[in-house]
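Notes follow the structure.
In what follows, residues are counted from 1 in the order of the sequence shown. We use all heavy atoms of the structure for the numbers below, so side chains are in, but hydrogens, waters and symmetry mates are not.
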Amino acid sequence: MIKYNRFTLDNGLRVIHNHDSSTAMVCVNILYNVGSRDEDESLTGLAHLFEHLMFGGSLHISDFDAEMERAGGMNNAWTSDDFTNFYDIAPAVNLDTLLWLESDRMLSLAFSPESLEVQRSVVVEEFKQTHLNRPYGDLMHHLRRLLYQTHPYRYPTIGREPGHIEKVTIDDVRSFFFNHYGPNNAVLAISGNVTCEEVREKVSRWFGDIPGRDIKPRTYAAEEDPAGPRSLTVRGDVPRAMVVVAFLMPAYGEEGYVECDLITDILSSGRAARYYRRLTMGDPLIAEADASISGSEERGFLMLKASLNDDSDEAMQTARDRLIEEAVKLHFEVSPAHPDGVTPDEVSRVVNCYLTQTEFRSQSFTGRAQALALAEMHGEDINSIPATYEAVTAADIAAAARRVIDPQKACTLFYAPSRQPAGGQ
């Protein structure tokens, strides 16, 4: 059990604290409720660009990293479809420095044209390296466009294309900041060797005067189920064919989300998993098979994936059928009529793995700070989450599999190596 305290400042900043006397360090984690789903479709990649800009200087601090280093600290950040997260780690005696740094960039960025130019170039180069010039780097671009017709999840966090990032202006940056980055749109989590009294006093001092902001509402519509199966074939400079089958699934916190998380573990987590035993090891066509979920705040997706030893059209269709065939077996609990149905032992195995991983992550004060921030953002007690997994039965898994893994709603991406023209070497 993780012990924590929580309070909210008058400006809306939610604060959650965990005291860890076993370390001399502290982690300050700020989770902002803004991600790529909050971008305009003509200016995608802005949330991820902002992650970089937040290190480019704020109203009173010209060099964030230099001040962090002087305090003996380090920092990092990440951006997702839904959130942007920043975390700082330093000796607990330097908590004031971490709060000073984070509060100043929450108050206002410097909005420097020089910083924008530098970070824009960095992000465009990252786009090229990770999405355009890497095998399968654009896979999620194709898959998301296949899955989502209207929802902003239809493009990846890095953006739809480098051109969107290249045309961002200082006015775009200023508008996005004041529409989304404010104390009333964030959770501050602190874990380490500092008391609740210290945290309350210091957080109030550094963050209390930052005004709340008028947060831009989300006005887009929810994504509807596909009217029928969809498919897309892409060819590129890749070493082998890959087949991805995806299904829209419930959002975080909705009925069926936890079951979908466990379904993908039953299929692909560890050597006892079905895909490993029956596909990776049991089918000469399939080199490797995997399953995962996007873990999104709104309707995300459950993904089945296989890389193949044959790149013919027939092989890719066969692999698609095998991925779905094995997953559909989870539509039923094990019984004489359904001997390949999901078993209680399988559910117990993946739940125990989840609990072990969760406990392992909670041993780190950094992991606790991030987990506490996310739980607070969700409005849930972090200690109640394991029980939602422990309560899942084989019948629950089967019911969720029937709802989500519907072949008539499958979106399939066939990603194959480019074919040499006739007579090519």
Report task. Quick one: do His180 and Tyr32 satisfy side-chain contact (heavy atoms from CB on, under 4.5 Å)? Show the steps, please. Result -> CA-CA 8 Å; His180 300 288; Tyr32 287 95; over 6 Å; no
Query raised in the report: Can Leu147 and Arg144 be said to form a side-chain contact (heavy atoms from CB on, under 4.5 Å), step by step?
Result: CA-CA 5 Å; Leu147 271 165; Arg144 285 176 175 272; 5.7 Å; no
**Report entry** Test log, rule side-chain contact (heavy atoms from CB on, under 4.5 Å), inputs Tyr275 and Leu304
**Finding:** CA-CA 10 Å; Tyr275 273 5; Leu304 315 176; 3.5 Å; yes
Report task. Could you please spell out the steps behind the side-chain contact (heavy atoms from CB on, under 4.5 Å) verdict for Lys305 and Met242? Result -> CA-CA 7 Å; Lys305 182 170 64 174; Met242 182 176 289; 3.6 Å; yes
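The structure places CD1 of Ile190 at 5.0 Å from CG of Leu99, a figure rounded to the nearest 0.5 Å. Separation of atoms OG (Ser348) and CD (Glu390) is listed at 10.0 Å; rounding is to 0.5 Å.
Of the charged side-chain nitrogens involved, at least one lies within less than 4.0 Å of a carboxylate oxygen, so that Arg299 and Asp225 count as a salt-bridged pair. Taking 4.0 Å as the cut-off between side-chain N and carboxylate O, Arg274 and Glu326 do not count as a salt-bridged pair. Between Asp313 and Arg320 there is no salt bridge, since none of the side-chain N atoms of the basic residue sits less than 4.0 Å from a carboxylate O of the acidic one. Taking a cutoff of 4.0 Å between a charged side-chain nitrogen and a carboxylate oxygen, Arg154 and Glu41 qualify as a salt bridge. We find that Asp38 and Arg218 are joined by a salt bridge, their nearest charged nitrogen and carboxylate oxygen being less than 4.0 Å apart.
Listed by chain and number, the residues in a side-chain contact (heavy atoms from CB on, under 4.5 Å) with Thr343 are Val334, Asp345, Glu346 (sequence neighbours excluded).
Taking the centre of each ring, Phe127 and His141 come in below the 6.0 Å mark. Here the two rings, on Phe111 and Phe177, have centers that are under 6.0 Å apart.
For Arg277, the CZ atom is densely surrounded, since the number of other residues' heavy atoms within 6.0 Å is greater than 12.
Here the options are Ile263, Val347, Leu262, the test is side-chain contact (heavy atoms from CB on, under 4.5 Å), and the partner is Val342; only Val347 passes. Shown are Ile89, Leu101, Leu188; of these, the side-chain contact (heavy atoms from CB on, under 4.5 Å) with Val28 is made only by Leu188. Test Thr233, Val245, Leu139 against Leu413 for side-chain contact (heavy atoms from CB on, under 4.5 Å) and you get one pass: Leu139.
The aromatic rings of Phe176 and Tyr181 sit tilted relative to each other, their planes meeting at an angle between 30° and 60°.
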